[in-house]
Amino acid sequence: MRTVTVAATQMTCGWDIQQNIAAATDLVTKAANAGANIILLQELFETPYFCQVHDFDYFKLASSVEDNAAITHFKKLAKALGVVLPISFYEKSGNTFFNSVTIIDADGEILGTYRKTHIPDGIPYAEKFYFTPGDTGFKVWETKYAKIGVGICWDQWFPECARSMALMGAEILLYPTAIGDEPTRGIDSKGHWQRCMQGHAAANLMPVVAANRIGTETIRQNTHDSTLQFYGRSFITDGRGEIIQEASTDNQEVITATFDLDKLAIDRQQWGVFRDRRPSMYATLLTHS
């Protein structure tokens with residue numbers, strides 16, 4: 001039996017980067033003390049979600065993998081606690097900017113970086129202004145505890161992303177995210193947001209871990225201010241898509257769940273959904289997409 005304990009966290013974010021890193025450190029430490037091996041922090045936790053508006057000044061927040069304060073800090077913490085940490089950050093690579101996640105293994109070493117493939121565009125999630133669509137392709141990492149696939153926020157709405165990572169050998173899917181109310185559409189997307197990822201878990205017979213942020217954030221701009229209320233509700237599903245742990249809408253907290261990876265692998269074999277795939281039939285659809 002090969003077991004792993006995963007954790008999802010959620011927190012508020014202000015403009016003091018070091019304070020945000022300290023808050024994230026407290027959550028990671030709490031999760032590790034609760035037995036977590038793989039701990040997921042939310043998307044772009046070093047700052048408020050600045051993508052609500054178009055403002056060239058926010059490009060100054062980007063940094064390289066080597067120079068990013070959070071990555072440097074959490075490499076040391078991952079090694080000290082013996083945990084795996086996917087770290088979301090605003091990446092600058094040459095003259096290009098990405099919404100990225102760097103994976104730190106339990107020995108504190110970097111396994112690699114994934115750049116967000118699907119970039120939303122529309123106030124208050126105006127990410128195409130800041131981020132180039134990722135050029136890494138989907139990735140799976142063999143960490144100390146499990147093979148993990150990591151998508152980023154808008155990626156979580158695309159079944160192609162989850163299935164690609166599953167086909168690459170992922171055993172757990174993780175999604176750091178930043179999502180809240182929809183002021184331009186006037187809808188509550190929380191249930192839809194969760195059900196999409198529950199579907200990924202059910203279709204691929206593997207757990208999904210989603211970490212969201214909480215709190216109200218107002219981003220100021222010369223022409224107008226934009227405010228988002230993030231709804232938290234970070235959650236963990238089992239391999240059938242059922243939510244087995246869920247956080248609140250407004251509390252800073254940690255949730256955990258433990259899985260038997262060998263049992264999950266047997267479930268995938270016995271259901272036959274990967275055996276019975278028909279890729280040659282799907283190729284026809286791709287030519288008309």
Side-chain angles (χ1 to χ4, degrees), residues 2 4 6-8 37-45 62-66 68 70-72 74-75 78 83-94 96-120 127 130-178 196-197 199-201 203-211 236-237 239 259 261 264-265 268 274 277 279 282 286:
R2 192 162 55 99
V4 62
V6 298
N37 309 119
I38 301 171
I39 303 166
L40 184 64
L41 293 162
Q42 65 211 37
E43 182 186 21
L44 300 173
F45 65 87
S63 62
S64 66
V65 172
E66 296 76 16
N68 179 264
I71 293 172
T72 299
F74 284 107
K75 284 176 63 178
V83 297
V84 174
L85 298 174
I87 300 298
S88 171
F89 73 110
Y90 188 11
E91 181 186 9
K92 183 178 187 297
S93 178
T96 311
F97 298 80
F98 299 99
N99 186 338
S100 301
V101 165
T102 287
I103 309 301
I104 303 173
D105 208 355
D107 60 359
E109 295 299 315
I110 291 175
L111 296 180
T113 297
Y114 166 68
R115 292 167 174 166
K116 187 173 180 176
T117 300
H118 305 96
I119 308 297
E127 295 194 14
Y130 296 100
F131 310 128
T132 294
D135 58 2
T136 59
F138 303 121
K139 287 180 171 289
V140 167
W141 290 274
E142 187 162 0
T143 73
K144 178 178 179 180
Y145 303 108
K147 293 181 180 178
I148 63 171
V150 182
I152 304 172
C153 203
W154 194 227
D155 286 334
Q156 67 209 1
W157 297 87
F158 295 83
E160 298 88 348
C161 176
R163 178 50 59 91
S164 295
M165 292 188 289
L167 290 172
M168 294 168 68
E171 297 172 299
I172 304 170
L173 302 177
L174 299 98
Y175 294 97
T177 190
C196 271
M197 286 178 279
H200 301 331
N204 293 292
L205 290 118
M206 62 184 60
V208 163
V209 184
I236 302 170
T237 76
F259 298 103
L261 297 176
L264 287 165
R268 287 192 290 274
F274 292 96
R277 292 179 66 253
Y282 313 149
L286 292 175

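From a predicted model like this one, the values you see are computed outputs, not experimental measurements. As a basis for the values below, the full set of heavy atoms in this structure was taken, side chains included, without hydrogen atoms, waters or symmetry mates.
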- Item | Among L41, V150, V209, side-chain contact (heavy atoms from CB on, under 4.5 Å) partner for P176 | V150
- Note on the structure: Hits for side chain to side chain donor-acceptor pair (under 3.5 Å) against R115, two or more places apart or cross-chain, chain-then-number order -> E91, S93, D135
If you define the side chain from C-beta out and look only at heavy atoms, does anything of [X] sit under 4.5 Å from [Y]?
{"X": "M206", "Y": "L173", "answer": "yes"}
{"X": "I103", "Y": "Y114", "answer": "no"}
{"X": "T117", "Y": "C161", "answer": "no"}
{"X": "F98", "Y": "T136", "answer": "no"}
{"X": "L40", "Y": "V6", "answer": "no"}
{"X": "D155", "Y": "K116", "answer": "yes"}
{"X": "I172", "Y": "L261", "answer": "yes"}
{"X": "L167", "Y": "R277", "answer": "yes"}

- Query: Hey, mind stepping through M197 and T237 against side chain to side chain contact (heavy atoms under 4.5 Å, CB included) and telling me if it holds?
  - Reply: CA-CA 9 Å; M197 286 178 279; T237 76; 5.9 Å; no
- Given E171 and R2, is the side chain to side chain contact (heavy atoms under 4.5 Å, CB included) satisfied, shown in steps? CA-CA 12 Å; E171 297 172 299; R2 192 162 55 99; 2.4 Å; yes
- Message: Once rounded to the nearest 0.5 Å, what's the spacing between atom CD1 of I152 and atom OH of Y175?
- Response: 11.0 Å
- Message: Measuring from atom OG of S100 to atom CD of E43, what distance do you get when rounded to the nearest 0.5 angstrom?
- Response: 10.5 Å
- Query: Of F158, W157, F131, W154, which is the lone residue that meets ring-ring contact (aromatic ring centres under 6.0 Å, His included) with H118?
  - Reply: F158
- Would F97 and Y90 satisfy side chain to side chain contact (heavy atoms under 4.5 Å, CB included), going step by step from the backbone distance to the final call? CA-CA 7 Å; F97 298 80; Y90 188 11; 3.8 Å; yes
